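First the structure, which I've put down as C-alpha cells, then a few questions once you've had a look.
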Amino acid sequence: MNKADGSNAQALAEACAAYMLAADRASQGLGMVVESVSPGHAVLCMSVREDMSNGHGICHGGFIFTLADSAFAFACNTYNQLAVAQHCSISYVAPARLGDRLTAVAVERHKQGRSAIYDITVTNQDDEKIAEFRGHSRTIKGQHVPDDAE
C-alpha cells in the first residue's frame, strides 16, 4: 500500500466512525468518546458514573461489556462495509470503580472474506487491566459513507 492509499484508508475509517457515532445513541448516552480510529482499530473511553454502579458498589459488568462492544463496532466498521457482531465474549479481570476513566482498545486480529476477529482490552486511568473481550464480526450489505462522499 502506498502512502496515498494509507491516507485514503485513514480518511475512510474516520468518515465511517463519524457516520456511526452520529447515529449511535447508546454510546453517546453512556458518555463514550471515540479517541481514535484507523483501519481495523479503535480506541473509546468512558467514565464510570454513579448510575453505572451495581449492588457491590462497582461498575456493572454490562457497562464494561458495552464499552468494549462499542470499540469493537467502531473497529470492524472502518472499511465502509457494514459489520455486525456474530459472537462476543468477555473476561473480567478486575473491578472498575466509580469515577474510573475506562479505555477500550480494539485491534483487528484476523480478517478474511466476510468474517473478522477483534481483541479489545479495557483498562482504567492507571493502565490497570479491567477486562479482555473478543469479538467475531460479519459483514452485511450496505455502507456507512455513500460512494459519492468518499
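Computed from a prediction, not measured in an experiment: that's the story for all the values here.
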Can you name the closest pair of heavy atoms from Asn77 and Met20 and give their distance?
CB-SD, 3.2 Å

Evaluate the side-chain proximity of Thr78 to Leu12: yes if any heavy-atom separation is below 4.5 Å, no if none is.
no

Can you check whether Lys111 reaches Tyr79 side chain to side chain, under 4.5 Å on heavy atoms?
yes

What I'd like to find out is whether the side chain of Val34 reaches to under 4.5 Å of the side chain of Phe74, using heavy atoms alone.
yes

Validation row: Phe72, Cys88 side chains within 4.5 angstrom (heavy atoms)
yes

Pairwise side-chain contact, Phe65 with Tyr92, heavy-atom cut-off 4.5 Å (strictly under)
yes

At what distance, to the nearest 0.5 angstrom, does NE2 of His110 lie from CG of Asp119?
12.5 Å

Using side-chain heavy atoms (C-beta onward) and a distance below 4.5 Å, is Glu132 in contact with Ile120?
no

Does some side-chain heavy atom of Leu82 sit less than 4.5 Å from a side-chain heavy atom of Thr139?
no

4.5 Å side-chain heavy-atom contact, His60 and Ser53
no

Between Arg101 and Glu35, does the salt bridge (charged side-chain N to carboxylate O under 4.0 Å, His left out) criterion hold? Intermediate values first, please.
CA-CA 13 Å; Arg101 179 78 171 164; Glu35 295 287 331; 3.7 Å; yes

Output, in order, the C-alpha distance, side-chain angles, deciding distance and verdict of side-chain hydrogen bond (donor to acceptor under 3.5 Å, both in side chains) for Thr123 and Thr103.
CA-CA 5 Å; Thr123 58; Thr103 300; 4.8 Å; no

